[in-house]
Number of protein chains: 2
Amino acid sequence: MEDSDRYILESQIGFVMRRVVQRHIAIFFSLIPDLTPTQFAALAKLCELGQASQNELGRLTSMDVATIKGVVDRLRARGLVLAEPLATDKRRLTLTPTPQGKALYRKLVSRAREVSMQTLSPLSETESQQLMVLLRKLD
Amino acid sequence: MEDSDRYILESQIGFVMRRVVQRHIAIFFSLIPDLTPTQFAALAKLCELGQASQNELGRLTSMDVATIKGVVDRLRARGLVLAEPLATDKRRLTLTPTPQGKALYRKLVSRAREVSMQTLSPLSETESQQLMVLLRKLD
DNA sequence: CACAGTCTATTTGTACACAAACAATTTTTG
DNA sequence: CAAAAATTGTTTGTGTACAAATAGACTGTG
């Protein structure tokens with residue numbers, strides 16, 4: 001009764017994940033100080049698609065409407081993304097990466113791969129794959 | 001060359017973890033709307049310790065000095081935590097859970113266990129343990 | 001003992017993250 | 001076709017999260 005009553009914060013999945021994410025973000029920042037992980041994700045996805053509406057980009061990068069707006073606004077302010085209203089649907093804002101946006105993405109993508117590698121560096125190849133499989137099930 | 005050039009956002013550890021954390025927070029909120037995960041972590045740790053300085057509590061819950069201040073301020077505002085300057089070291093703020101804070105913690109702790117269980121519910125017992133072992137290595 | 005370095009807490013500024021409410025526009029459907 | 005429903009984007013408010021700067025208090029060493 002005593003023992004089962006104890007709640008060990010450090011053993012909870014949420015707590016451990018928060019710490020792992022903190023470490024990951026620190027690694028990201030050390031290798032890519034130019035952009036935040038979120039901004040890079042949005043830019044990467046937009047470069048992959050070539051074009052997308054703001055909402056669409058948010059959905060594909062798992063960002064809330066309010067969040068993606070902020071992220072896109074900052075990318076626009078830095079001249080990495082262009083936004084234009086869509087003629088055929090006046091609700092939508094069509095986003096396109098600018099040449100600078102594409103260039104920055106191309107420059108940073110290898111470092112982004114390195115971020116993932118460094119994050120997983122305490123694990124063996126097999127362990128890394130296992131982890132990804134398990135995390136995907138929680139996705 | 002083509003294939004190794006592709007950067008698949010959805011396969012990156014950071015992206016997947018962000019999504020898993022989002023799901024976890026949603027589960028947390030559905031079971032414990034009273035407090036945020038962070039607030040609960042701080043309260044739980046403080047109840048475990050009985051007492052701690054603000055900085056100490058921050059370190060033990062992996063929160064930045066500015067973050068723990070905000071969290072503690074909100075717990076104090078709700079009468080869950082009491083803060084008193086320490087006579088023997090005037091820099092420190094001694095934190096103690098109030099009776100209401102302790103009562104709330106006792107009330108919520110079983111639900112917090114349930115949050116962890118629901119988060120891990122897509123995994124078998126063995127898989128959950130594997131995941132925790134792997135995440136701890138990235139910690 | 002003095003003072004340089006460390007520690008604690010606060011403040012400010014930037015950036016996610018999400019809920020809720022709103023306006024403007026499609027789209028659906030009765 | 002007209003009203004209802006859904007979609008897109010914006011705004012506001014709350015809550016992490018972290019960097020950097022500051023002030024006050026302690027500690028250690030010369």
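Since this is a predicted model, take the numbers as computed values, not measurements. Numbered from 1 within each chain, the chains take letters A, B, ... in sequence-line order.
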**Message:** When you measure from the side chain of A:Thr98 to the backbone of A:Gly79, do you find a donor-acceptor pair of N or O atoms at a distance under 3.5 Å?
**Reply:** yes
**Prompt:** Got a sec, which pairs hit salt bridge (charged side-chain N to carboxylate O under 4.0 Å, His left out) with one end in residues 96-106 of chain A, sequence neighbours left out?
**Reply:** none
**Request:** Using side-chain contact (heavy atoms from CB on, under 4.5 Å) as the criterion, list what pairs up with A:Ser121, not counting sequence neighbours.
**Result:** A:Arg23
**Message:** Can you build the contact string for nucleotides 15-23 of chain D? Use B for base contact, S for sugar-phosphate-only contact, and - for no protein heavy atom under 4.0 Å.
**Reply:** SBBBB----
**Complete:** Applying side-chain hydrogen bond (donor to acceptor under 3.5 Å, both in side chains) to B:Lys90 and not counting sequence neighbours gives none
**Request:** Among residues two or more places apart or on two chains, list those pairs meeting side chain to side chain donor-acceptor pair (under 3.5 Å) that have a residue in residues 12-22 of chain B.
**Result:** A:Ser62-B:Arg19, A:Ser116-B:Gln12, A:Asp139-B:Arg19
**Request:** Mind checking ring pair (Phe, Tyr, Trp, His ring centres under 6.0 Å) for A:Phe28 and listing every partner two or more places apart, or none if nothing turns up?
**Result:** none
**Complete:** In short, side chain to side chain donor-acceptor pair (under 3.5 Å) pairs touching residues 68-80 of chain B with sequence neighbours left out are B:Lys69-B:Asp73
Sort me out a list of protein N/O and nucleotides 3-7 of chain D N/O pairs below 3.5 Å, or just none if empty.
residue: D:dT7; atom: O2; partner: A:Arg91; partner atom: NH1; Å: 2.9

**Asked** Can you name the residues that form a side-chain hydrogen bond (donor to acceptor under 3.5 Å, both in side chains) with A:Glu84, not counting sequence neighbours?
**Response** none
**Qualifying residues under ring pair (Phe, Tyr, Trp, His ring centres under 6.0 Å), relative to B:Phe15, sequence neighbours excluded** = none
**Message:** Applying side-chain hydrogen bond (donor to acceptor under 3.5 Å, both in side chains), can you list everything that pairs with B:Glu10, at least two apart in sequence or on another chain?
**Reply:** A:Lys45
**Request:** Just call it for B:Lys69: base, sugar-phosphate, or nothing, with non-hydrogen atoms closer than 4.0 Å on any strand.
**Result:** base
**Outermost DNA chain C nucleotides near chain A [under 4.0 Å, heavy atoms]** = C:dA15 to C:dT26
